[in-house]
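The next block holds one structure in the form of structure tokens; read it before the comments.
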Amino acid sequence: MIPLDAFFNPYYVDIVVFLIIYMMLGLGLNLMTGYAGQVSLGHAAFFGIGAYSSAILSTKAGIDPWISMILAVVLTFLFSAVLGLPSLRVREDFLAITTLGLGLIIQSFFKNADITGGAYGIDSIPPLSLFGTKLDNTGVLVVVALALLASIYALRKMTRSRIGRAWMVIREDETVAKAMGIHTTYCKVLVFAIGGAYAGAAGALFAHKMSFIGAESFGFTVSATVLSMVVVGGLGSIRGTLFGVTLLYLLPELFRLFKIDGVDMKYIDMYKMMLYGLLMVVVMRYRPKGIFGKTGMKTKSCRAADEDRSADRETKGVKERVDPA
């Protein structure tokens, strides 16, 4: 049997695999921030919980990687629900700062706890295999692609359901949501749990793909990067998330593929963050809801309708003054 890697460049396959993993991470954050209005600056913590859970279960408990990934998603769901409890008391900027603090605390735990390997991390994480045969790069690509499709399908179903509409009402005005009889406490904790589970699934796939994880992979930089991807693509939009992640993830790769004079590859991370910041400024100036934001066209339509009604009232007033009878 000829391995599929013989037909595909492993480097490009790896780029697509990690791109899809970041897409899943972005979908979870977009559910929390874009649909429910719960801003999170600690999303990398859920990413890390999923990765470390699956790594510990598979290396120290000897559990099959497929089962360990499922258990990691469940554990991340539960941890995220608990960590989402602070969202019941704070909102907006205060919520963002709270999640930032939680993210830093969890990263510090990863760095210092014995069970996580401390500063050395966890290595020798078993790769994914099927019927006793290790999956090559292309096989892993198929797995993560199927996981992404399942994630998109589940997200579309949730956002179009009753709970999805409740999240959107909470995003617009939590007081109105309570007046309508929506159980805001339940809805906010649930969206944190589900968004965290998405990140946990991405983390579990990341761990078994890398075979080594360390606390540095789950810091604030990752949270800020994913938030930038979601905001640029468009809050409350699935295709916006996919577009934003693709755009911001592949842009740094262009510097590696095409040698650009004056660009030192040693500082690629610095260039990446500068580029992200510039794009954020431009998008916030001209498209505050993101490139594929849901409210852009509707806002313009409502504004045009208001202008038409104002013009009709002015015309009617002029006619009444000219012809009183």
**Request:** Could you go through the side-chain contact (heavy atoms from CB on, under 4.5 Å) check for Trp66 and Ile70 one step at a time?
**Result:** CA-CA 7 Å; Trp66 295 101; Ile70 296 174; 5.7 Å; no
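- One distance of note links NE2 of His183 with CG of Leu190; it measures 11.5 Å at 0.5 Å rounding.
- For the pair Val232 and Ile291, the minimum side-chain heavy-atom distance is below 4.5 Å.
- A salt bridge links Glu174 with Lys188; the closest basic N to acidic carboxylate O contact falls under 4.0 Å.
- Proximity of Thr33 to Gln38: side-chain heavy atoms (C-beta onward) are nowhere separated by under 4.5 Å.
- Residues Leu128 and Pro65 share a closest heavy-atom pair of CD2-CB, 4.1 Å.
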Could you pull out every donor-acceptor pair under 3.5 Å between side chains of residues 240-249 and any protein atom, sequence neighbours left out?
residue	atom	partner	partner atom	Å
Thr241	OG1	Asn30	ND2	2.7
Thr241	OG1	Ser237	O	3.1
Thr246	OG1	Leu242	O	2.7

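- Taking hydrophobic clusters as Ile, Leu, Val, Met, Phe, Trp and Tyr residues chained together by side-chain heavy-atom distances below 4.5 Å, Tyr11 shares a cluster with Phe206.
- Counting only heavy atoms from C-beta outward, the side chains of Met23 and Met229 never approach each other to under 4.5 Å.
- Here the side chain of Tyr52 pairs a donor or acceptor atom with the backbone of Ala215 at under 3.5 angstrom.
- Side-chain atoms of Trp167 do not come within 3.5 Å of backbone N or O of Gly37 as any donor-acceptor pair.
- Counting non-hydrogen atoms of neighbouring residues, nucleotides and ligands closer than 6.0 angstrom, the CE atom of Met274 reaches no more than 12 such neighbours.
- Clustering of Ile, Leu, Val, Met, Phe, Trp and Tyr side chains at separations under 4.5 Å places Ile170 together with Val169, Val176, Met180, Ile182.
- Taking hydrophobic clusters as Ile, Leu, Val, Met, Phe, Trp and Tyr residues chained together by side-chain heavy-atom distances below 4.5 Å, Ile125 does not share a cluster with Val73.
- Distance check: Ser40 OG to Leu31 CG gives 11.5 Å after rounding to the nearest 0.5 Å.
- Shortest non-hydrogen contact noted between Met69 and Ala204 is CG-CB, 3.7 Å.
- Val231 places a side-chain heavy atom less than 4.5 Å from the side chain of Met284.
- No more than 12 heavy-atom neighbours from other residues, nucleotides or ligands sit within 6.0 angstrom of CD1 on Ile115.
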**Request:** List the steps, then state whether side-chain contact (heavy atoms from CB on, under 4.5 Å) holds for Ile20 with Leu141.
**Result:** CA-CA 9 Å; Ile20 293 176; Leu141 174 60; 3.9 Å; yes
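- Remark: side-chain polar atoms of Tyr35 are paired, donor with acceptor, to backbone N or O of Gly236 under 3.5 angstrom.
- Looking at every heavy atom in both residues, Val230 comes nearest to Gly26 through CG2-O, 3.6 Å.
- Under the 4.5 Å side-chain heavy-atom criterion for ILVMFWY residues, a single connected hydrophobic cluster contains both Leu235 and Leu279.
- Here the side chain of Thr76 pairs a donor or acceptor atom with the backbone of Ala72 at under 3.5 angstrom.
- Leu149 and Val16 are not part of a single hydrophobic cluster, where members link through side-chain heavy atoms under 4.5 Å apart.
- Note on Phe94: it clusters hydrophobically with Val191, by side-chain heavy-atom contacts below 4.5 Å among ILVMFWY residues.
- By the neighbour-count criterion of 12 heavy atoms within 6.0 Å, atom CZ of Phe212 is densely surrounded, having more than that number from other residues, nucleotides or ligands.
- Of all heavy-atom pairs spanning Ser54 and Ser58, the tightest one is O-OG, 2.8 Å.
- Two residues are said to be in side-chain contact when any heavy atoms from C-beta on lie closer than 4.5 Å; Ile213 and Phe218 meet this criterion.
- Formation of a donor-acceptor pair under 3.5 Å by the Ser223 side chain with backbone atoms of Ala44 is found in this model.
- In this structure, the side chains of Thr59 and Pro126 come closer than 4.5 Å at one or more pairs of heavy atoms.
- Taking CG of Leu75 as the start and CG of Leu57 as the end, the distance is 6.5 Å to the nearest 0.5 Å.
- Note that OG1 of Thr99 is 10.5 Å distant from CG of Leu83, once rounded to the nearest 0.5 Å.
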**Prompt:** What's the verdict on side-chain contact (heavy atoms from CB on, under 4.5 Å) for Tyr286 and Val281, showing C-alpha distance, side-chain angles and the deciding distance?
**Reply:** CA-CA 9 Å; Tyr286 297 102; Val281 171; over 6 Å; no
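- We find the NZ-CG distance between Lys209 and Leu135 to be 10.0 Å, quoted to the nearest 0.5 Å.
- Going from atom CG of Leu146 over to atom OG of Ser151 covers 10.5 Å, rounded to the nearest 0.5 Å.
- Proximity of a side-chain donor or acceptor of Arg239 to a complementary backbone N or O of Phe292 within less than 3.5 Å is not detected.
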**Derivation of the side-chain contact (heavy atoms from CB on, under 4.5 Å) call for Tyr198 and Leu25** = CA-CA 6 Å; Tyr198 269 72; Leu25 196 57; over 6 Å; no
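- The main-chain N or O of Ile105 is never found under 3.5 Å from a side-chain atom of Gln107 such that the two would form a donor-acceptor pair.
- Using a distance-only test at 3.5 Å, with no hydrogens or angles considered, a donor-acceptor pair links the side chain of Arg165 to the main chain of Arg160.
- The side-chain heavy atoms of His208 and Ser68, taken from C-beta on, include a pair separated by under 4.5 Å.
- Heavy-atom neighbours of Lys60 NZ from other residues, nucleotides or ligands within 6.0 Å: above the threshold of 12.
- Residue Ala45 comes nearest to Ile106 through the heavy atom pair CB-CD1, 3.6 Å, listed as atom of the first residue, atom of the second, then distance.
- Between Arg171 and Gly34 the shortest heavy-atom distance is NH1-O, 2.7 Å.
- Counting heavy atoms from C-beta outward, Tyr153 and Met158 have side chains that stay 4.5 Å or more apart.
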